Every structure is written in C-alpha cells, then in structure tokens.
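Let me begin by presenting the structure, written as structure tokens, before commenting on it.
In what follows, chains are A, B, ... by sequence order, proteins preceding strands, each numbered from 1. Since the structure is predicted, the reported quantities are computational estimates derived from the model, not experimental observations.
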Protein chains: 2
Amino acid sequence: MYSFINKINFYACLSQTEKAALHDCVDSKHHLSRGQTLASAGEKTDGIDIVTDGWACRFKRAHDGSDQIIALMLPGDQCEDVSPVACPLDHDIRALSDLRITRLDRRKLLSVISPDSGLSDGLAWSSIVDRSIMGEWLLNVTRRPAAMRLAHLLCELFTRCAIIGRTQGNRMHFPLTQVAMSESLGLSPVHLNRSLQLLRRQQLVSVCRKTLTIIDWPRLVAFAGYSDHYLHTGGKLSADLRLAS
Amino acid sequence: MYSFINKINFYACLSQTEKAALHDCVDSKHHLSRGQTLASAGEKTDGIDIVTDGWACRFKRAHDGSDQIIALMLPGDQCEDVSPVACPLDHDIRALSDLRITRLDRRKLLSVISPDSGLSDGLAWSSIVDRSIMGEWLLNVTRRPAAMRLAHLLCELFTRCAIIGRTQGNRMHFPLTQVAMSESLGLSPVHLNRSLQLLRRQQLVSVCRKTLTIIDWPRLVAFAGYSDHYLHTGGKLSADLRLAS
DNA sequence: CGCCATACATAACGTATGTTGTTCGGGACA
DNA sequence: TGTCCCGAACAACATACGTTATGTATGGCG
C-alpha cells in the first residue's frame with residue numbers, strides 16, 4: 001500500500017486526507033506464492049488489486065504455446081485501471097515471486113477522487129506511464145539487438161524501483177529468472193543468457209542471487225540508448241541514479 | 001467528428017444531449033497533408049485532437065535512425081488521453097495520408113463528462129482498447145512469424161474500420177504503404193513485401209491502389225490466429241465481418 | 001550425506017529475417 | 001505524349017537469433 005501511495009505521490013502531490021482516504025478504500029489483503037495466477041483473460045474484477053510486495057507480470061500465450069510478458073508489475077502497480085467500467089481482461093496475470101496484494105473497493109475509490117485533486121492527477125499519470133512503457137517495449141523488441149534490449153530493460157526496472165524507493169545504492173532486489181526476462185524481451189532463454197553474459201563481461205551489471213547490481217550506470221545507459229523520458233520522471237531521480245554509479 | 005462519436009457510441013451508449021455536448025466542445029479544425037508531423041515528443045497540447053478523416057501513426061525513432069510505428073490512428077481516434085493532466089508526448093505523430101483533425105477543448109470536454117454517464121464509460125473503454133491493442137502488438141511482433149504478423153494486422157484494421165463504419169462489404173480504403181506496414185510490424189520493407197505476396201498467393205487478401213480487399217475472411221483469421229477479443233467488440237460485429245467473406 | 005529440482009551455461013547447427021542493389025510499372029506533371 | 005519519381009517487385013548474400021542437446025552449479029530436504 002505504501003508503494004502505491006509512493007508512486008502516485010511521485011507523479012502528483014497527495015494531501016494527508018487523500019492518503020488517509022486511500023487507506024479507507026482497502027477492501028481486503030491476499031498472499032500469493034510464485035507462479036500462481038492472479039487473474040485470467042475474460043475475468044472482470046469488481047475491486048482494484050494493487051501489488052504491495054513482490055513482482056507480477058501480464059502475459060499472453062502465443063499460437064505456439066510460448067508466453068509473451070507484456071508488462072512487469074512492481075510494488076505499487078495496479079492490476080486494473082481505476083475507471084468506471086470493469087473491463088474483462090484480455091490477458092493473464094501471474095506472480096513472478098511471492099506476492100502481497102491489496103484490494104481496493106472500486107466504488108469507494110471512485111467516490112474519493114475529486115476532480116483537479118492530486119489523487120485524480122496521480123492516477124491519470126500512472127495510467128499514462130503504464131501506456132508509455134508499453135510503447136517503449138514495442139520499440140525495444142522490434143528495433144534493438146538482444147544485449148541492448150536487455151540493458152534497456154534493466155535500466156527501466158532500476159528507474160522504476162527508484163521511483164518507489166526500492167533501490168539500495170547501486171543494488172536492488174530482482175526476482176526475475178532468465179526465463180522471465182527472455183519472455184519479456186521476446187528472446188529465447190539461451191540467447192538471453194548469452195546477452196546477460198555480455199553485459200557482465202563488459203562490467204556493466206551483475207545479476208545473481210535475485211539481486212541486480214549496477215556496476216556502471218552511465219555506461220549501461222549509453223549501451224542501452226536509454227532515456228527515462230517515457231517514464232515521465234521529470235528529472236526528479238537524477239540524484240538517486242547518480243548514486244548507482 | 002462523427003467517427004469519434006460512432007466509436008464512443010460503439011462502446012457505450014451516448015444520449016442525444018451528450019452527442020450535442022461533444023459538438024459544443026469543438027475548438028477548431030485543421031487539415032494536414034501526408035507526411036506532415038502532427039505532434040512531436042515533448043510537446044504538451046492543451047486541446048484534444050481527434051482524427052476525423054485519414055490515417056495517422058504514433059512512432060518512435062530507434063538508435064539506428066529507423067522508425068517504429070507504435071500505434072495506427074484511424075478516424076475517430078484521439079491523439080491525447082482525455083485526462084485532467086496534459087502530459088508531454090514521448091513520441092511523434094505523423095500523417096499517413098491527408099488528414100482532417102478536430103480539436104476539442106480539454107476543459108470543456110472534462111466539464112461535460114458526468115460520472116456514470118455513457119460518455120464517461122465510452123471514453124474509458126476507448127482508452128482501455130488503445131492499451132489492449134498495444135499489448136496485442138507486443139505479442140504480434142515478438143511471437144508471430146512475418147506473414148502471420150501481417151495477416152493479424154490486416155484483421156485488426158479491418159475490424160477497427162468496421163467499428164467506425166468504414167468498410168464496404170469485403171473492402172476498405174487502406175492508405176498504408178508497404179514501408180508503413182513494415183514499420184508497424186518491425187520488419188524490413190523487403191520482407192514485408194515477401195509476406196504480402198504470400199498472403200496474395202494464398203488467396204487471402206489483395207492490397208492494391210490504396211484498397212484492401214479481404215478475399216477469404218475465415219481463412220485469413222485462421223492463418224493469423226486472430227481473435228477480436230482484445231478489441232472488446234463483444235461480438236457486435238459478427239454480421240459485418242461475415243459479409244467480408 | 002545423497003537425492004532431486006531448478007536455474008544457469010555452453011556448443012553446434014539451422015533458419016527466418018535483414019541488407020544491398022537493381023529493375024519495373026504506373027501516377028503526376030509538364 | 002514523354003519524363004520523372006515513388007512505390008513495389010525481385011534476387012544474391014549476410015547475419016542475428018532460435019533450437020536442440022547436454023553439461024554444470026546451487027539449494028532444499030529427508
């Protein structure tokens with residue numbers, strides 16, 4: 001829940017009353033273990049589920065049975081849009097690690113949002129950023145070679161973790177397996193492995209034991225051709241990210 | 001403008017007053033010719049631009065100078081989200097044909113939307129569908145081989161044109177060049193040409209003189225592994241699409 | 001300590017797709 | 001009617017990435 005408030009607050013300033021109101025919208029809390037399905041295509045959920053701890057992903061199954069991850073969900077991310085309509089999902093959501101979920105009451109939440117408030121703006125921003133990320137992923141998988149693609153994903157994830165205050169210096173908890181990364185990037189697990197080794201050999205990052213360490217942030221950014229514009233950070237993170245080098 | 005109302009009305013029922021109110025939100029109208037830039041990355045637009053005639057695209061430039069189209073915009077599609085925040089674009093928008101644009105006043109539009117109205121729901125749906133399309137594109141470019149990818153795109157575009165009432169039987173106006181298609185699908189122009197020829201040889205479609213003709217809709221759908229679930233048509237188009245075979 | 005499951009690494013080989021360059025045909029325009 | 005030019009077609013070649021197969025760590029657990 002605090003990750004969620006952190007994230008919304010990052011994009012638009014929330015008042016104390018709004019923060020309290022959000023807590024009042026909590027309907028229930030759940031735990032899921034790694035690999036479990038959170039929601040399936042076709043389902044309509046009445047509430048709004050928030051990832052409060054752990055990572056999850058949205059994915060689609062392809063004609064050949066392989067899965068493509070179309071979005072990674074970090075703490076603070078929502079499973080559904082905060083919108084008046086409860087739309088049936090067109091994809092599945094799966095836990096990539098053990099997960100804590102907080103379910104908000106959709107009606108209550110909608111009633112709490114007053115126009116021109118920080119909350120209203122923050123939710124709008126969050127939705128826009130989610131979409132921007134998909135656009136950047138589209139560019140990533142179509143135009144960048146494997147290693148660059150991977151580097152770009154790592155940059156994005158490090159930035160997103162910084163936004164919700166989950167980085168420690170140049171390190172962060174990183175529950176993705178190589179298979180999950182390959183499914184995100186449209187690569188085979190083998191080729192992802194090769195690419196990861198390349199980044200390691202170049203002394204750019206190290207990924208091991210569920211920990212991602214950024215060895216040389218400026219060079220990693222250059223290698224990936226990364227810019228955090230599409231995350232709409234507004235430069236608010238430059239200090240945190242400099243720490244990472 | 002009518003395409004826009006058509007589209008919103010397809011997803012949620014608009015009252016006569018709401019339709020009239022939308023007309024009142026019109027701020028100005030513009031013409032653009034093919035190739036012109038509608039909006040550039042970093043720009044914030046105060047109004048909401050609607051494509052009323054012609055096609056446009058959102059695209060991003062890659063490190064090697066090539067362009068990736070991340071969304072195709074048909075009549076009725078919006079350039080910006082109808083949200084309280086005017087967010088700087090993270091990509092460019094370009095006219096793929098001669099274009100007519102209608103600009104709505106954001107503040108007026110927002111004030112016209114009452115909660116739990118058809119308009120409110122329709123706009124929410126439209127935004128959800130835009131996002132779903134991106135998710136499907138992500139699957140398309142990463143997991144499907146070239147010809148299947150192309151077939152899938154053609155199915156999608158035919159469905160979207162049917163939604164706004166711009167198909168004639170098994171035909172539709174189709175302003176995309178092969179280069180534009182290749183930029184949408186993450187293929188080289190040459191390989192797109194090969195794929196298009198394959199679909200033609202298989203007697204599935206014919207694309208010529210800016211017209212797309214569906215020769216065999218059921219087989220095209222099967223070949224593409226297409227389902228319009230992600231467009232949330234709710235089966236409302238089955239009649240129109242049967243016409244296409 | 002030994003068993004097993006899972007994740008990660010490496011190699012050999014095949015193939016889908018990209019690249020370069022050339023040719024062709026049909027509108028636009030003089 | 002001829003000329004120009006853009007979009008489309010085609011061929012020869014290059015390569016990045018996928019596939020299959022097998023080997024190596026690591027950690028949980030009785």
Salt bridge flag under 4.0 Å for residues A:D67 and A:R61 = yes

task = Could you tell me whether the phosphate oxygens of D:dC10, OP1 or OP2, come under 4.0 Å of any side-chain nitrogen or oxygen in B:Q197?
result = yes

query = Are any of the side-chain nitrogens in A:R94 or A:E183 under 4.0 Å away from the carboxylate oxygens of its partner?
reply = yes

query = Would one find more than 12 heavy atoms of other residues, nucleotides or ligands at under 6.0 Å from atom NE2 of B:H229?
reply = no

Pairwise N/O distances under 3.5 Å, protein to nucleotides 18-24 of chain D:
unit_1 : atom_1 : unit_2 : atom_2 : d
D:dG18 : OP1    : A:G186 : O      : 3.2
D:dG18 : OP1    : A:S188 : N      : 3.3
D:dG18 : OP2    : A:S188 : N      : 3.2
D:dG18 : OP2    : A:S188 : OG     : 3.3
D:dG18 : N7     : A:R194 : NH2    : 3.2

DNA chain D: 5'-proximal contact among A:R144 and B:N193 (nearest heavy atom) = B:N193

task = Using whole Å, report how far CG of B:L150 lies from C1' of C:dA16.
result = 16 Å

task = Would you kindly give the CG-to-P distance between B:L176 and D:dC6, to the nearest whole Å?
result = 19 Å

ask   = Does NZ or CZ of B:K60 fall inside the cone over A:Y230's six-membered ring, less than 6.0 Å from its centre and within 45° of the axis?
value = yes

request  = May I ask you to say whether B:R166 pairs ionically with B:D53, meaning some side-chain N is under 4.0 Å from a carboxylate O?
outcome  = yes

inquiry  = Taking atom CZ as the centre, does A:R219 end up with more than 12 heavy-atom neighbours from other residues, nucleotides or ligands that are less than 6.0 angstrom away?
reply    = yes

inquiry  = Mind checking if B:R34 touches a base, just sugar-phosphate, or nothing, with heavy atoms under 4.0 Å?
reply    = sugar-phosphate

remark   = Among C:dT17, D:dC17, C:dA9, the one nearest any side-chain atom of B:P145 is C:dT17

key: Atom pair distance, as rounded to whole Å: CG in B:L96 and P in D:dC6   = 18 Å

ask   = Are the charged groups of A:R103 and A:D27 less than 4.0 angstrom apart, N to O?
value = no

ask   = Can you tell me if the side-chain N/O atoms of B:Q178 get under 4.0 Å from OP1 or OP2 in D:dC6?
value = no

task = Indicate the ring-plane relationship of B:Y226 and B:W217, choosing parallel, tilted or perpendicular according to the 30° and 60° boundaries.
result = perpendicular

ask   = Rounded to the nearest Å, what distance is computed from the CZ atom of residue B:R201 to the P atom of nucleotide D:dA9?
value = 12 Å

Nucleotide C:dA16, atom C1' - distance to CZ of B:R143 in whole Å = 15 Å

inquiry  = Taking A:R144 first and then A:E136, would you say they form a salt bridge - that is, a charged N and a carboxylate O separated by under 4.0 Å?
reply    = yes

task = Give a yes/no answer on whether the side chain of A:R200 brings an N or O atom under 4.0 Å of OP1 or OP2 in C:dA9.
result = yes

request  = To the nearest Å, give me how far apart CG (A:L185) and P (D:dC17) are.
outcome  = 11 Å

Between protein and nucleotides 24-30 of chain C, what N or O pairs are separated by less than 3.5 Å?
unit_1 : atom_1 : unit_2 : atom_2 : d
C:dG27 : OP1    : B:R209 : NH2    : 2.7

request  = Figure out the CG/C1' separation between B:L198 and D:dA8, and round it to whole Å.
outcome  = 17 Å

